[in-house]
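Only one structure is covered here, and it is reproduced in the block below.
Counting begins at 1 with the first residue of the sequence.
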Amino acid sequence: MTNSRNKGASFEREIANNLNESLNLKKPLKRILEQTREKHLPDLILGNWFLECKRYGQGAEPLESWWDQVIKSTPEGCLPALIYKFNHRPIKVRIPLYSVNRNLQKDFSNTCVFSLESFFFFIKSFYMDDIKDHLYTWIP
């Protein structure tokens, strides 16, 4: 039987490593270890993006409670992203639609889903200035 906490931590490290490599981050992303002791902390912070990572066995669609969790962990002015994977399925990233087009109303219920590779392309294309130095130092 797989330990779900270890599986989750392993997935968070995998995502952090993928982001570090794909975005060539100067300040490597690392898991926020306090998340296990304190409520409302994300798994990873990338610039102004607050990332929640979920690895689950069976299924195809993320639970709404996962999206609610990442929204609650994202401070005003920052952006939430839910990165999730189910067995035998590719990694997906759910973000608010207004992050794609700032002319849209800020509304967390309207979302879009990217592949992980498309999310990397999206960040490089539209948010690289926000994370180029990866200096965001939000402290809970």
Using 0.5 Å steps for rounding, measure from the [atom1] atom of [X] to the [atom2] atom of [Y].
X	Y	atom1	atom2	value
Cys78	Asn48	SG	CG	4.5 Å
Phe108	Trp67	CZ	CH2	7.5 Å
Arg102	Gln105	CZ	CD	14.0 Å
Thr111	Ile71	OG1	CD1	9.0 Å
Tyr98	Asp107	OH	CG	9.0 Å
Asn87	Lys85	CG	NZ	6.5 Å

Exercise. Thinking salt bridges, do Lys124 and Glu117 make one under a 4.0 Å N-O criterion?
Worked result: no
Exercise. Between Glu76 and Lys106, does at least one N-O distance fall below 4.0 Å, as a salt bridge requires?
Worked result: yes
Problem set entry | Working for side chain to side chain contact (heavy atoms under 4.5 Å, CB included), residues Asn20 and Leu25 | CA-CA 5 Å; Asn20 290 334; Leu25 299 179; 3.4 Å; yes
For this session: May I ask you to decide if the ring planes of Phe119 and Phe114 are parallel, tilted or perpendicular, using 30° and 60° as cut-offs?
Result: tilted
Exercise. Between Val93 and Leu116, does a side chain to side chain contact (heavy atoms under 4.5 Å, CB included) hold up when you go through it step by step?
Worked result: CA-CA 6 Å; Val93 183; Leu116 188 61; 3.9 Å; yes
Nearest heavy atoms of [X] and [Y], plus distance in Å:
X	Y	value
Ser73	Leu41	CB-C, 3.8 Å
Pro80	Pro96	O-CD, 3.2 Å
Trp66	Leu82	CB-CD2, 3.8 Å
Leu29	Ala16	O-CB, 3.8 Å
Val70	Phe50	CG2-O, 3.4 Å

Exercise. So, the side chain of Tyr56 versus the backbone of Tyr84: is there a donor-acceptor pair under 3.5 Å, distance only?
Worked result: no
Exercise. Is Arg89 reaching over with its side chain to a backbone N or O of Gly59, donor-acceptor style, under 3.5 angstrom?
Worked result: yes
For this session: Please lay out, stage by stage, how Leu23 and Leu46 fare under the test side chain to side chain contact (heavy atoms under 4.5 Å, CB included).
Result: CA-CA 10 Å; Leu23 300 177; Leu46 173 65; 3.7 Å; yes
Exercise. Do the side chains of Leu63 and Lys54 get nearer than 4.5 Å, heavy atoms only?
Worked result: no
Exercise. Would Asp43 and Ile15 count as a side chain to side chain contact (heavy atoms under 4.5 Å, CB included) if you check the C-alpha gap in whole Å, the side-chain angles of each, and the deciding distance to 0.1 Å?
Worked result: CA-CA 10 Å; Asp43 296 325; Ile15 296 301; over 6 Å; no
